[in-house]
Amino acid sequence: MKIRPSTGFSSPSPSFGQGTVVVLMSGGVDSSVTAWLLQKAGWHVVGVTMKIPETGKSPGGCCGRDAASVALGLGIPHYTAFIEREFEQLVIEPFVESYLRGSTPNPCADCNALLKFGLLWDELEDAFGESFLATGHYARIEQEGENFFLSRGKEPSKDQSYFLYGVARHRLPRLLLPLGGYSKEEVRALAREAALSVAEKSESMEICFAGEGDYRRLLDGRSLPHGKIVDEDGELLGTHKGIANYTVGQRKGLGISSRDGLHVLRIDPGRNAVVVGPRERTFRRRVRARNVNILFPVPPEEGAFLFGKTRSRGEPLPCDLLRMDENVLEVLFHEPQFAPTPGQRLVLYDAGGRVAAGGVIEYSEEAE
RNA sequence: UGGGGUGUAGCCAAGCGGCAAGGCAGCGGACUUUGGAUCCGCCAUCGCUGGUUCGAAUCCAGCCACCCCAG
């Protein structure tokens, strides 16, 4: 990984020094407003944009250019972090592997945990010394005594804490998320107030590295053997186009007509089969996750009443903690959850919306 | 080639003389810093050919196709 001043910017400073915050700028509205807000608050702001691999039709360099021009407008230094290789290894490869294994990856969560707030932050500190890091995520950092917490953004529908659960706890004191207290509308208004060139830019969505087409293109070249689509009794219902094209809970694209519609209940990589059934059969109460990251200074005890999410959308819902340690996170939801999906994340919150811990879902069952 | 039955969109399926329900699948849009979900919208002139009728998917005739029973 190399971090260099972006074209048109002066040579690197030897160190950032006190009062410096590095803002990860994507070139979008949110991170641009983030930089502006922090600058207004008196921080010495340095912009950094990650250069990720260009796949397919992804708009080459457009975002880096936007970010640089915003930085120029704000009069702040701007650097480009060339992380193509790291991104490939830490995000794209696991992404592909996950699909091939029959699970559903969450590249954004990986990118945050492993790259932005992992490798990149390490690298920044190596190069420029300890500094604060900020992003335009809709989530908040709360301080209570000497403890820091990651918590939900003010606007529930925009909250992105789900994607951030993987940040190492020791990073929280130096992480700044200034947008967490604003609504999307307010941020948009701030962008106009600041006369940012990207103020009217539309929301980005979909996988950043997949480009125009859908993610399946990234699996091109891999052999995706077709196989059977069966119901829970093993009855053959149809043919699938390779396990990697499906995800638990999926309804569209099965091509099978039935009385009420079918959803993927589970994917069986061993038999190269996709098991489908009616919607009500997708619900699960007990969910177990691995690769746990605990954010609370003291993990809640077994039996603790928490709120969990098994997917990015939707509100955290009541559950009881069955187990939480570095290896396993397991909960029992009060109400059955729609299709908890292996590979997606289980993120737990306390009643105050603070992230207690999270992990990668590996298994779920109806109840018990 | 005797008897009986069926024939409505890719699939299932309402309708029984008055301008073709619904579901599934599919397509399109909305939502969304992952996937999926969800929501909204679109999607047939009724096997064919004649006839009866102001008017037929609905009645009649012939033909075709498929299914069942019997040979």
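Reminder, nothing fancy here: chain letters follow the sequence lines and each chain counts from 1. Note: hydrogens, waters and symmetry copies are ignored here, and every other heavy atom, side chains too, is used.
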Query raised in the report: Which sits closer to the 5' end of RNA chain B, G253(A) or T310(A), going by the nucleotide each is nearest to?
Result: G253(A)
**Report entry** Carboxylate-amine/guanidinium proximity below 4.0 Å for K201(A) and D30(A)
**Finding:** no
Query raised in the report: Is the F338(A) ring parallel, tilted or perpendicular to the F283(A) ring (thresholds 30°, 60°)?
Result: perpendicular
Query - Polar side chain donor-acceptor pair, T20(A) to S131(A), under 3.5 angstrom - result: no
**Report entry** Side chain of Q344(A) - closest among U33(B), G26(B), G35(B)
**Finding:** G35(B)
Query - Inter-nucleotide C1' distance (G71(B), C12(B)), Å rounded - result: 35 Å
Query raised in the report: Mind checking the C1' distance from U52(B) to C59(B)? Whole angstroms is fine.
Result: 8 Å
Report summary line: note: K309(A), atom NZ; U33(B), atom P; distance rounded to Å ~ 11 Å
Query - Interatomic distance, L114(A) CG vs U34(B) C1' [rounded to whole Å] - result: 14 Å
Query - C42(B): pairing nucleotide in any strand, Watson-Crick or G-U under 3.5 angstrom - result: G26(B)
Report task. Hunt down the Watson-Crick or G-U wobble partner of G35(B), both distances under 3.5 Å, from any strand shown, or write none. Result -> none
Requested in this report: Tell me the partner of A14(B), counting only Watson-Crick (N1-N3 plus N6-O4 or O6-N4) or G-U wobble (N1-O2 and O6-N3) with both under 3.5 Å; none if nothing fits.
Outcome: none
Requested in this report: Determine the Euclidean distance between corresponding C1' atoms of U45(B) and G15(B); express it in Å to zero decimal places.
Outcome: 14 Å
Query - Shortest side-chain distance from H137(A), nucleotide among U38(B), U33(B), U34(B) - result: U33(B)
Query - Assigned partner base of U6(B), Watson-Crick or wobble definition, under 3.5 Å - result: A65(B)
Query raised in the report: Ring centres of F296(A) and F149(A) under 6.0 Å apart?
Result: yes
Report summary line: Here the distance between atom C1' of G36(B) and atom CG of N245(A), to the nearest Å, is 13 Å
Report task. Could you check how far CD1 of I243(A) sits from P of G35(B), rounded to whole Å? Result -> 20 Å
Query raised in the report: Hey, does R313(A) reach any base, or is it just sugar-phosphate, or nothing, if we go heavy atoms under 4.0 Å?
Result: base
Query - Nucleotide opposite G50(B) in a Watson-Crick or G-U pair, distances under 3.5 Å - result: C60(B)
Query - Y99(A) and F95(A) aromatic ring geometry - parallel, tilted or perpendicular at 30°/60° bounds - result: perpendicular
Query raised in the report: What's the NE2-P distance between H263(A) and G23(B), to the nearest Å?
Result: 15 Å
Query - Span that lies between the P atom of U8(B) and that of C46(B), in whole angstrom - result: 11 Å
**Report entry** Cationic N near anionic O, under 4.0 Å, R140(A) to D159(A)
**Finding:** no
Requested in this report: Return the value, rounded to whole Å, for the distance between atom CZ of R259(A) and atom P of A25(B).
Outcome: 13 Å
Under 3.5 Å, which donor-acceptor pairs link side chains of residues 262-274 of chain A to any protein atom two or more places apart or in another chain?
| unit_1 | atom_1 | unit_2 | atom_2 | d |
| --- | --- | --- | --- | --- |
| H263(A) | ND1 | G249(A) | O | 2.9 |
| D268(A) | OD1 | G270(A) | N | 3.1 |
| D268(A) | OD1 | R271(A) | N | 3.1 |
| N272(A) | OD1 | H240(A) | NE2 | 3.4 |
| N272(A) | ND2 | P225(A) | O | 3.3 |
| N272(A) | ND2 | H226(A) | O | 3.0 |

Report summary line: When K116(A) and L254(A) are each assigned the nearest nucleotide of RNA chain B, the 5'-most assignment goes to L254(A)
**Report entry** From A25(B), G36(B), U34(B), nucleotide with atom closest to Y162(A) side chain
**Finding:** U34(B)
Report task. Report yes or no: is there a donor-acceptor pair, N or O only, under 3.5 Å between the side chain of T341(A) and the base of G35(B)? Result -> yes
Query raised in the report: To the nearest Å, how far apart are R345(A) CZ and U33(B) P?
Result: 17 Å
Query raised in the report: Could you state the OH-P distance from Y165(A) to U33(B), rounded to the nearest angstrom?
Result: 18 Å
**Report entry** Under 4.0 angstrom between K158(A) side-chain N/O and U33(B) OP1 or OP2
**Finding:** yes
Query raised in the report: Considering only U38(B), G35(B), U34(B), which nucleotide approaches the side chain of Y99(A) most closely?
Result: G35(B)
**Report entry** U38(B) OP1/OP2 closer than 4.0 Å to side-chain N/O of R279(A)
**Finding:** yes
**Report entry** Integer angstrom distance from the C1' of C42(B) to that of A9(B)
**Finding:** 13 Å
Query raised in the report: What's the closest nucleotide to the D260(A) side chain, out of G23(B), A37(B), G35(B)?
Result: G23(B)
Query raised in the report: What integer number of Å spans the C1' atoms of C27(B) and A70(B)?
Result: 48 Å
**Report entry** Footprint string (nucleotides 10-15 of chain B, 5' to 3'): B base within contact, S backbone only, - free, heavy atoms under 4.0 Å
**Finding:** BB----
**Report entry** Cation-pi geometry met for R345(A) and Y162(A) (6.0 Å, 45°)
**Finding:** no
Requested in this report: Please say which of V48(A), L124(A), L120(A), V167(A) ends up in a side-chain contact (heavy atoms from CB on, under 4.5 Å) with L133(A).
Outcome: L124(A)
**Report entry** Q337(A) side chain to T310(A) side chain, donor-acceptor N/O pair below 3.5 angstrom
**Finding:** no
Query raised in the report: OP1 or OP2 of U38(B) less than 4.0 angstrom from a side-chain nitrogen or oxygen of R251(A), does that happen here?
Result: yes
Query raised in the report: Between A44(B) and A21(B), how far is it from one C1' atom to the other, in whole Å?
Result: 13 Å
**Report entry** Whole-angstrom distance between G51(B) and C68(B), as gauged at atom C1'
**Finding:** 31 Å
Query raised in the report: When we call it a touch if two heavy atoms are under 4.0 Å apart, what does Q160(A) touch: a base, just sugar-phosphate, or nothing?
Result: base
